[in-house]
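So the structure is just underneath, and the comments pick up after that.
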Amino acid sequence: MSTECQDPLQHPQVQMAHGGQYIAAYVFSLILSALPLFLVQEHGYSDTHLLFVVIAAAAAMTIIQGYFWLRLDVSRTQAWFTASFILFIPLVVLTIGLTAWMFATLYTRTMIPTLMHAPGFTH
Amino acid sequence: MSDCDPYNNDGTLAGGYMAERRWERARGLVPVLAAMLSGCAQKGFWLFHPKGAVARTEWHTTILDVAVMGGVILVAGGLVVAFLWRYRAGNRARTYDPHFTSSLVIEVLVWGIPLVVVGYLSYFSVKSVFATNPYNPLAVRQAVDRAGGGLREAYGERADPTVVDAMGAPPPATRPLQVEVVTTDWQWVFIYPHQRVATVNELVMPVHTPVEFDLTSATVVNDFFIPELVGEIDIMPGMRTKQALIASRTGTYHGYSDDYSGGGFSWMGFRARVESPQRFRSWIKKMQAQPVHLSYSRFRQLARPTINLSERISRFSQVQAGLFDHVVERVMEGRVYPTPLAMTENMTKPMKVRLIK
Amino acid sequence: MLVHYPGPWTPLLGRLALRQIPYQNPILVWTFVLVVLAGALVVGAITYTRSWTYLWREWLTSVDHKKIGVMYCLLGLVMFFRGFIDGVMMRTQQVMAVGPHSPGYLGALHGYLPPYHFGQIYSAHGTIMILFAITPILVGLMNIIVPLQIGARDMAYPYLNALSFWLTAAATGLVMISLFVGDFSHAGWVGLIPLTELAYSPGVGVDYWIWAVQIGSVGTTLASINIIATIIKMRAPGMSWTKMPIFCWTALSTSVVGLSSFPVFTAAVALLSLDRYAGTHFFTAGLGGNLMLYTDLFWIWGHPEVYYVVLPAFGILSEIIPTFSEKPLFGYMTMAAASIAIGGVSWSVWLHHFFTMGAGPGVNAFFSIASMLVGIPTGVKVFNWAFTLYRGRVRFDLPMLWALAALVLLLTGGLTGMMLAMPAINYTVHNSVFVVAHFHNMLNVVGFACLGAINFWFPKVFGFKLDERIGKRAFWYFSAGTAVLFGCMYALGFMGMPRRLDYIPFPSWRPLLIGEEIGIVLFLISSYYLVKQLYVSIRNRAQYRVSGSDAWGTARSLEWLAHCPVPFYNFAVQPHINVRDEWAWRRQNGLGQTAPEHYEDIHLPNNTPIPLFIGVLTFALGFGLVWRMYWLALASLIAIIAAIIARAFDDDPGQTIPGERIRRIEAGLAGVLEGRVATGDVVVGGAVAFETRATKAAPRARDA
Amino acid sequence: MSKMNDMDPAGAVLWAPHDAEPDMIATRTLGFWLYLLSDAMIVASLFASYLVLNHRMNAAAGPTAGAVMHPLTALWETILLLSAILAYGLSLVALKRKDRRGVLAGFGVACMLGLGFLVMEGHEFADLALRGAVPERSGYLSALYTLVLYHAVHIVFALLWTAVMAVQVARQGFTPNVVYRLLNLKLFWFFQGFIWIYVFCFVDLTGALHVH
């Protein structure tokens, strides 16, 4: 193949490795993991607020790791990676979100209330 | 029916006679076919002849949907057939224009028409979902309000199901009858909790009275269905679903499971009898005098895998209080009624199961 | 960790023992005898013609996309036949077992099939038809056509392509061996939960089902990856997205659907197998399981799978209808957009398969509207096909007939689909034969399209057409069978008949059941003509030979620029794409026969037997897991990983075909088209393509 | 209207002057990325199952999320895993410099850290199992074990693959085939980071929250 004659190390996907960015993503990820953990352990806020913090941290880490580690940008080499990744986000959200919604209504409608709030099966 | 008299055969085998005979034979088939079709239309098409208010709403929705979609299908199919005829290669009179490959007007129309139709149908779909929602205590009453009316009334202002206040309790004309349904492998247990009686494979209901069902399964998933009275609802082990119906005419209807549940599934039918209130009351009295009582341990015997080949009905009185909840609870704790290997998919040792003949 | 199940177990054979062979069942014994005879016939024929080396070198180890595609189609057709026989058996049982007084034969209470056998047959019918018949045929067609339509030499990953095929073949093997060793699942092709749990299906049938569909779905996922990457990366110079043939658009959309939905299926079935093997409680009713979760995950895949099979069918119609209307496809851009839209909407409709579950009315309403939305792009497609016919010059060749019948079926299927999308109607026909009629209606759209596509592209691959007269006879019987069988079935749906009934309790259903049986007889006649069409066409192939690269004279897209049959390198020189319907444009401007000025070296990958080995090992893995021969499963798994690693160290340098040889082959091909016989250097996509009656005695060309 | 009219056949280029060989490395990495996205759908299904089964009822009177989660341990596991991924990333920086020893050193560090992650997670789950919280106990525990161990199996394969690539780099050097595999392995490692942060956030952290 024609590419085999060239030096594979000159390929843009090899050349885009960047130590500084990798380390930056690493540090940010650790901070974003530790911060919500700290908040959760403290229990200073309501659980719903904390849930939002956790979701926000996960989203932020997705963006940081996606950009600095996987280099999901719109450059010519990476455009298809980014496009397919973005295509899959709604699919994942639909799978999890619609399932959760469906079962939330199903649980409220098909579980017998007295059994649902009992403190477990004691007998 | 002299033209298809089988004795009218003189033994000649001339060609012309043969052709005639073939036609006669075919003509003989016509009344048979007609009888087949009309006979079915009279009796068999249960969905065409709903006998309950909820089923009637569902049937009206069907008619509406078929009418609207049928119109679209006729237009589209008509276009295809007309174009095929007009632009067939043999037709010299037609114009041939290979450059006609896009047109903004047509594009807008072909996206617009389906959009409008789907929008229109979606609107009715949402309405009918709420109108037939088995959990809505008002659904039955509203269906009764609409009963007897045609399409216009079914979807009139008065009965707009989207504005139903599901929380507010309706003032019931008649007190609804509560029935708890437990399916086993492969029988139906109908418990009347307030009357404390139970039947197996027979459901008796008073006419013109709302009947509210709680349903669960002791084993696998089934589907509660009485085509002439009410649509389907899943019956799931460890969960409790609800259904409600009201019957507008006395009679005996067929009910069965509509979701495959194993080897005895085909025999898993029950009789749904709709009686006048007086007869229903006397039936309850008779039931309450039954000698056999239904406790949980008795239920466990009942729930062993059984095929009811002869549609035999059993009757119980003195049903243990809270039996339904107890069955659900036990299933949630992990109770199963395993099917023996010989009654599932085993090809070598078939049919080792309790048969009621 | 491992759960308890009934029956003995030995370390060496697991649950397998002689008593697991159903030799008492006369149906299976006679099937076995027939299969052995047929197998002996095939093996004997191969040995007699001394074709084993040829078979091994040219087909079994091939990485050529056309040959893999042909093998996919062949596998699909064989399985189609098996699934069809299952259908015949089901219909016959139902027509025999009506009413309490119907007699029973062969140990059955009614009819001739006991419930457990009937359950296996309908489960096998569904599983095979969806996953091992239609899916392989479509993947095979995409395999053959997509690289040709975009002007590529092969798929993006030829090795992976062969691997996908052999995984599918391994899965098929598991389904087939379940006929004679053990049992198959009785819980439907959907794997009805909790019927598939160990408590209610303690045998190995469900395990066979689990591992067959699991391996098959992995194979199909890999095939989807391959097709997407091929379309994105391998398009010929000049082929922008708006110049891509419409079939490639549908192939792309369908592969995205497959890539994203098959993994969910893998997950669902994997969790089910954990329940059965490790005793977890995902889908049990008790101890915290949630059985509807399985149904949910299954249909997250199951509904997109429907579009996975129907989208390529739409692509096929979009290729056939313009060809025989002598007109470009009407509204190309909207057609492409509609294909993508169908794929997109497919992800939010799955609950309509269990509207009766008891979810809230809001949930049901959402999924109802989403399901109806699919009707919009589908409607657009129907109208655009209609306007493709408008002002055209319509010929009714065989592929066109299949395509038009598919179009008609699509209309009726759309009508009933819209009914099922409404929960209020769905409550009355859910799980009834109405649903069965509806999805057979839609899958028949796919079936008609597949048969049309096979007739349409057969000359492209093999160089000769299929017999038109016999084919038309097959077509009419097939159409009549469809109308009669599924018309009766729709009617039975309105009578409330549930699906999967082994015994029919109500004699009033008998007349329509007889109607269904008449339909199945029509199908039987049709299948006879289909086989005859293939046989006669191959026997008289010299007389059906096509001249030139365009078998139909009015074809449009790029694949018709390559020779019929396609040489192993597809295009001697890669074409440069100027317009959307490149071949039609070249033909109309008199550039159809323009040969390239010079020939360059072509680089192609070498054949490799490793995919075949991995397929065999995967079969062993599945078989070991089904019978719980853990040593076999573990050994196969390690061997598979070892084979993959070994392959990583064995870099394929590929082969380079010198331009001079290409020129010679091209000249030889030109000679063939003029009626002379090519020998020696010519290796083509079709095995029998270049033999004529004249050369039958001549030694076979075995050059690789 | 139709494109056919636009194109002048006289001056048209009919044949490509050379075979347009697609960029092998870019093609291979794209395919592998598509595989990873399909894997993401499996993970999404597992998350959906976990979400559905993370209900008091699914615990079947056994331990619930609050009782089995140790977010602090999970943070240490996070640090180990992300460090392993970083080590692999840095070895690709060495690849850019054609530094074979640097690449191999990065592999070694990544493998050690990854192994540490596996040991720590294995210890955590063994501890859980010894306390009776085995996956057979309840639907909730089944979902928990499956989700977390599915990620762990990926790490096992990442280690195996890294070891194989170390052999290939040492024996074959940086040939195109080795380089595309290194790039694929990079995608694989980095992708595990993605999955882990979701496990960390939506299993460990929300488990401590008692939202459900």
Side-chain angles (χ1 to χ4, degrees), chain B residues 36 43-47 58 61-62 65 69 73 76-77 79-80 83 87-89 95-98 100-102 107 110-111 114-115 118 122 125-126 128-130 132-133 220 223 227 231-234 237-238 241 258-260 263 266 269 331-332 334 336 338-339 341 344-348 350, chain C residues 6 19 22 114-116 183 186 194-195 199-203 205 285-287 327-328 330-331 334 356-358 361 364-365 368-369 372 375-376 379-380 382-383 386 389-395 411 415 418-419 422-425 427-428 430-431 494-496 498 500-503 505 508 511:
Chain B
M36 261 165 73
K43 280 187 297 191
F45 287 86
W46 288 334
L47 298 188
E58 288 164 351
T61 316
T62 313
D65 185 289
M69 275 309 289
I73 298 298
L79 271 185
V80 171
F83 291 166
Y87 298 105
R88 66 189 192 279
T95 46
Y96 172 62
D97 177 14
F100 184 73
T101 56
S102 67
E107 298 288 338
V110 299
W111 282 92
L115 188 71
V118 164
S122 298
S125 177
V126 173
S128 62
V129 171
F130 283 88
T132 57
N133 174 16
V220 297
D223 219 334
E232 294 164 43
I233 187 80
D234 280 6
T241 43
D258 218 2
D259 199 0
Y260 185 76
S266 304
V331 167
M332 288 175 77
V336 289
T339 324
L341 185 58
T344 56
E345 70 259 59
N346 194 315
M347 302 294 289
T348 48
Chain C
R19 72 202 138 59
Y116 54 86
D183 322 293
H186 66 141
L195 200 61
Y200 304 108
S201 298
L287 291 170
K327 231 187 113 204
F330 184 85
T334 26
T356 59
M357 169 177 80
N364 278 1
S368 166
I369 294 173
M372 289 190 173
I376 299 175
V380 168
V382 171
F383 282 118
L389 302 169
Y390 180 67
R391 292 192 184 165
R393 205 183 287 165
V394 182
R395 281 182 292 139
L411 289 174
L415 168 69
M418 277 296 187
M419 291 168 72
M422 273 200 175
I425 306 176
Y427 291 155
T428 60
H430 172 75
N431 262 333
F494 282 118
M495 302 172 94
R500 304 172 176 136
L501 275 186
D502 165 49
Y503 155 69
S508 62

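Chain A is the first sequence line, chain B the second, and so forth, proteins listed ahead of strands; every chain is numbered from 1.
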Of all of B:A76, B:G231, B:G269, B:S122, which one pairs up most often with chain C through heavy atoms under 4.5 Å apart?
-> B:S122
Looking only at heavy atoms, the pair that brings B:D223 and C:T356 closest together is OD2-OG1, 4.0 Å
Give a yes-or-no answer on whether the side chains of B:E107 and C:T334 include a donor-acceptor pair shorter than 3.5 Å.
-> yes
Measure distances from B:D258 to the heavy atoms of chain C and classify the residue's part below 4.5 Å as side chain, backbone, both or neither.
-> both
Does any heavy atom of chain C fall under 4.5 Å from the side chain of B:E58, the backbone, both, or neither of them?
-> both
Looking at CG of C:L389 and CZ of B:R88, how far apart are the two atoms once the value is rounded to the nearest 0.5 Å?
-> 13.5 Å
Under a 4.5 Å heavy-atom cut-off, does chain C meet the side chain of B:T62, its backbone, both or neither?
-> both
Cut-off 4.5 Å, heavy atoms of chain B, and the answer for C:P505 is side chain
Based on non-hydrogen pairs under 4.5 Å, which of B:I73, B:L79, B:T241 is most in contact with chain C?
-> B:I73
With sequence neighbours excluded, tell me which residues meet side-chain contact (heavy atoms from CB on, under 4.5 Å) with B:S266.
-> C:L501, C:D502, C:Y503
With respect to chain B, which residue among C:K327, C:M357, C:R391 yields the maximal number of heavy-atom pairs within a distance under 4.5 Å?
-> C:R391
Kindly write out the residues that satisfy ring-ring contact (aromatic ring centres under 6.0 Å, His included) with C:F383, not counting sequence neighbours, or none if the list is empty.
-> none
Below 6.0 angstrom between ring centroids: does that apply to B:F83 and C:Y390?
-> yes
Sort out for me which of C:A285, C:A386, C:P361, C:G379 touches chain B most, counting heavy-atom pairs under 4.5 Å.
-> C:P361
